[in-house]
Amino acid sequence: MLIRTPDGVVEVSSRAPGNHMFRVTSGSTRTASSRPREPPLSEPRPIMKPMHIVVAAAEPGTWVLQVVSANGERAGQELAVSDEELPGVVVQREEAAARAGVQPPVWTWQDTSVPAALLCAAGVWVTRCRDLGLCATILATASTAPGSGALDDAGEPRPLDYRPVLEPADPRHVPGPRPLAAASNQGSLFAVAEERGPGVTELIAELAAQTSACATSRNPQRLERLLSLESQGALVAAGMRHRGIPWDPAVHEQILEDMLGPRPTGEERPQRMQELAEQVRAALAAPTLNPDSPVELLKALRNAGVDVDTTRAFKLQEWTLVNGQPQEQRVATVAPVLEYKKLSRVFSSTGWHWLDTWVQDGRFHPEYVVGGVVTGRWAARGGGALQIPKYIRDAVRADPGHALVVADAAQLEPRVLAILARDDALAEASRGRDLYESIAQQGQARGSELTERSHAKLALLGAMYGATSGAGGRFMPQLTRMFPRAVGYVEHAARVGELGQQVCTYLGRWSPAPDPEWFEVQRATDTQAGERRAAQASRSHGRFSRNFVVQGSAAEWALAWLGHIRQGLHTAGMDAELVFFLHDEVMVHCAQEHAERVQQIVEHAAEQAVHTVFGAVPVEVPVAASVVTSYADAK
DNA sequence: CGGTAGTGCCAC
DNA sequence: AAACGTGGCACTACCG
């Protein structure tokens, strides 16, 4: 099979498993110093221009709608509707399109979260949308990127010609977390638009500006796809926030009681923590010590002969070892401190206060911030949804008669790197379910030194994070010999970043340029200290850029995965809903009898996502999906 | 008094 | 003060 790609023609053989290769017939292996190649060919995928319905937030509680035809012109009259009427209009348009067998409209608005919350509450399905705010952010960054820093073929040969009509909003600076207790007083979990947003005319102009900006891109199809996936993500995020993660407060309280003792009645520490605080004071002979104060604690530790310069648990643990063996006396000194720290973390970040604040009616409703991370990953706000600790996961329980389908992509980033770099050897390893194990086996077969799974894992993560020393850095030479293209790819990104230039993901999301201060630091090399600072900042931005290309492209796969799952669940028409997402992991809450079907949908969506983002590539991204009742049992 | 830098730890 | 990326958040200490 021959496939046209930006690189030229790539042959993907499908004769036998293990024989799929990136066969690049033009272009050459990229090295760390090589420049981007000539402009690529467009991917041969016809774009069917859809109809848009622009939705502008007017006076509080009202909306103005305008149909915009495929050529960007107004069709028909404006329609003003209230919050209550909006869902009905959406249903009518979606159903009309379905009946007629035509593409549904693209609901086009400044910010998905507000209208989507209304629609979720009304149980209304939206097939496609365009989040002009999120797309503007992507395009604004792309439009500043100089061609000299272009890394991938999606890269622009020149700054993108994007003239925004709307002020691009920084997604990381929108209002902070709103605990449910405050919001639910009004009977809604969501803030309703308080101010009049941009009008229909401005939204139409912005849509046009974005469409023409994409057309000036080196690879319009990829960039359009990115904008479409980002918008789809906003729909997924709104739905998940609305539904929330099923959370059993009784189980949660039981975990707390087992670890900390009974719930304290006042402001005092829980019983177990009070006891431990006393033990710490005794062990360190510091009767008035507040163990929550790192400053006091460090002082007390040093007075007690614990030779550390930080109170980090990791360092304390290390200190107990003498010649690699735990020394009894040292362990006894430090053990209460370590135990106290552990429980203090449990109490403060997942304790009763957290439960009261964030769990209402058996659901935890974090807010997802699409594009909240520069790489395109999502951020989350409110209750720490990015860091639900392992020890508390048992509180995540399916409703009676329901199940949780929990799935995560195994070693997503190295697989994505194989695609980015068109590295056949790494692609071959990706065909195993356990990529690191495959590498170790390849190493054995080829007589390489990289023959252990744990080493392969460290080496690959090290390559993507920019490790230079320690376990990660140690295996780099072997890794480079086995996978020269993959290593070369991330090395190239690092070199570009070290120069202060921008890099981009597969679909064309650009890394931000460094601050003006960064460039100041680069110039201030007249002293030795300045020289050191400059080199340090340069390497740091290099590591960021190295990671950006992989993490950001992986995030694009994840967006597509979510989108296909959302669509798949809807098409199947089951009692099944996406309730959680974290980088490379999803959770679906569904009726017990649908669990197996959901599992299939989630697995199939992973395959679809590879194709949606990367086209036909000889790399697999397997997902491990388990059906459980408790999140603690996943994996 | 509120804002914020520093510290430390959780997740991927 | 983890060599090595991206985040959120709680707590203390400090500052205006």
Side-chain angles (χ1 to χ4, degrees), chain A residues 171-172 176-177 179 269 273 289-299 307-319 337-338 340-351 353-354 357-358 366-369 371-393 408-414 417 457-476 490 493-494 497 503 505 511-512 536 539-555 558 580-586 631 635:
Chain A
R172 282 151 291 158
R269 292 189 178 103
M273 284 177 67
L289 170 66
N290 169 17
D292 290 325
S293 164
V295 178
E296 283 184 43
L297 182 59
L298 185 59
K299 221 175 287 174
D307 180 28
V308 290
D309 33 27
T310 168
T311 66
R312 294 196 171 189
F314 169 92
K315 281 289 175 192
L316 295 180
Q317 198 73 259
E318 229 174 52
W319 177 82
V337 178
L338 290 172
Y340 180 87
K341 279 165 137 338
K342 199 176 122 202
L343 294 192
S344 143
R345 170 82 189 177
V346 173
F347 178 59
S348 71
S349 72
T350 51
H353 179 68
W354 182 93
T357 308
W358 296 109
E367 178 185 2
Y368 299 88
V369 187
V373 180
V374 282
T375 57
R377 273 187 177 181
W378 292 8
R381 269 194 309 233
L386 256 48
Q387 38 175 167
I388 299 171
K390 297 253 157 80
Y391 61 76
I392 209 72
R393 292 187 178 182
D408 75 322
Q411 305 108 25
L412 174 60
E413 292 188 355
L417 175 56
K457 177 176 177 173
L458 285 171
L460 215 41
L461 291 175
M464 291 184 299
Y465 290 166
T468 52
S469 64
R474 185 158 359 117
F475 301 105
M476 282 301 289
V490 289
V503 294
T505 61
S511 64
Q536 211 269 330
R539 280 195 304 272
S540 170
H541 198 255
R543 285 192 302 274
F544 162 69
S545 308
R546 166 198 298 270
N547 189 247
F548 181 94
V549 295
V550 182
Q551 188 183 109
S553 302
F580 183 61
F581 166 64
L582 182 60
H583 309 324
D584 64 353
E585 177 178 346
V586 297
Y631 188 19
K635 287 170 198 176

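Reminder, nothing fancy here: chain letters follow the sequence lines and each chain counts from 1. Computed from a predicted structure; not experimentally measured.
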Exercise for review: Could you go through the side chain to side chain contact (heavy atoms under 4.5 Å, CB included) check for A:K341 and A:V337 one step at a time?
Suggested key: CA-CA 6 Å; A:K341 279 165 137 338; A:V337 178; 4.2 Å; yes
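- One interatomic measurement links the two molecules: CG of A:L297 to P of C:dA13, which rounds to 11 Å at whole-angstrom precision.
- Ranking B:dC9, C:dT12, C:dG5 by closeness to the A:D292 side chain, first place goes to C:dT12.
- Going from atom CG of A:L386 over to atom C1' of B:dC10 covers 10 Å, rounded to whole Å.
- Within 4.0 Å (heavy atoms only), A:A313 reaches sugar-phosphate atoms of the nucleic acid but no base atom.
- Within the structure, every side-chain polar atom (N or O) of A:K342 is placed at least 4.0 Å from both OP1 and OP2 of B:dG8.
- Counting to the nearest Å, the C1' atom of C:dC4 and the CE atom of A:M476 are 11 Å from each other.
- Regarding contacts with the backbone of C:dG5, every side-chain N or O of A:T375 stays at 4.0 angstrom or more from both OP1 and OP2.
- Nearest-nucleotide positions on DNA chain C place A:R345 closer to the 5' end than the other of A:S348 and A:R345.
- For A:Y465, the side-chain atoms get nearest to C:dG5 when compared with the rest of C:dT12, C:dG7, C:dG5.
- By the 4.0 Å N-to-carboxylate-O rule, A:K315 lies close enough to A:E318 to be salt-bridged with it.
- Nearest heavy atom pair, residue A:R546 against residue A:A463, reads NH1-O, 2.9 Å.
- Residues A:M273 and A:Y340 form a side-chain contact, since some pair of their non-hydrogen atoms from C-beta on lies under 4.5 Å apart.
- Mapped onto DNA chain C by nearest heavy atom, A:S540 and A:S344 fall at different nucleotides, with A:S540 at the one closer to the 5' end.
- The nearest whole Å value for the distance from the CD atom in A:E296 to the C1' atom in C:dT12 is 10 Å.
- For A:T350, no side-chain nitrogen or oxygen approaches OP1 or OP2 of B:dC10 to under 4.0 Å.
- Residue A:A467 places its side chain closer to C:dC4 than to any other of C:dC4, B:dC12, C:dA3.
- Checking the phosphate oxygens (OP1, OP2) of B:dT7, no side-chain nitrogen or oxygen of A:T310 falls inside 4.0 Å.
- Between A:K341 and the phosphate of B:dC9, there is a side-chain N or O to OP1/OP2 separation shorter than 4.0 Å.
- At a threshold of 4.0 angstrom between heavy atoms, the contacts of A:I388 are confined to the sugar-phosphate backbone, with no base atom among them.
- If you check every strand for non-hydrogen atoms under 4.0 Å, A:R474 touches nothing.
- In the set C:dC9, C:dG7, C:dG5, the nucleotide with an atom closest to the side chain of A:N547 is C:dG5.
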Check your understanding: Checking side chain to side chain contact (heavy atoms under 4.5 Å, CB included) for the pair A:R539/A:T468: CA distance, chi angles, key distance, verdict?
Key -> CA-CA 11 Å; A:R539 280 195 304 272; A:T468 52; 6.0 Å; no
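- Heavy atoms of A:F544 sit under 4.0 angstrom from primed sugar atoms or phosphate atoms, though from no base atom.
- We find that CZ of A:R539 is positioned 8 Å from P of C:dC4, with the value rounded to whole Å.
- Within 4.0 Å (heavy atoms only), A:G384 reaches sugar-phosphate atoms of the nucleic acid but no base atom.
- Across the protein-nucleic acid pair, A:D307 atom CG and C:dA1 atom P stand 17 Å apart, rounded to whole Å.
- Closest contact between the side chain of A:T468 and the listed nucleotides B:dT7, C:dA3, B:dC12 involves C:dA3.
- Nucleic acid contact for A:R543: sugar-phosphate only, since backbone atoms but no base atoms lie under 4.0 Å from a heavy atom of the residue.
- The CG atom of A:L289 sits 15 Å away from the C1' atom of C:dC11 (whole-angstrom rounding).
- For C:dA1 and C:dT6, the P atoms lie 16 Å apart once the distance is rounded to whole Å.
- Taking atom CH2 on A:W358 and atom P on C:dG8, their separation rounds to 13 Å, with Å as the unit.
- For A:R269 (side chain) and A:S344 (main-chain N/O), no donor-acceptor pair under 3.5 Å exists by modelled atom type.
- Separation of atoms CG (A:D408) and CZ (A:F581) is listed at 11.5 Å; rounding is to 0.5 Å.
- If you check every strand for non-hydrogen atoms under 4.0 Å, A:D309 touches a base.
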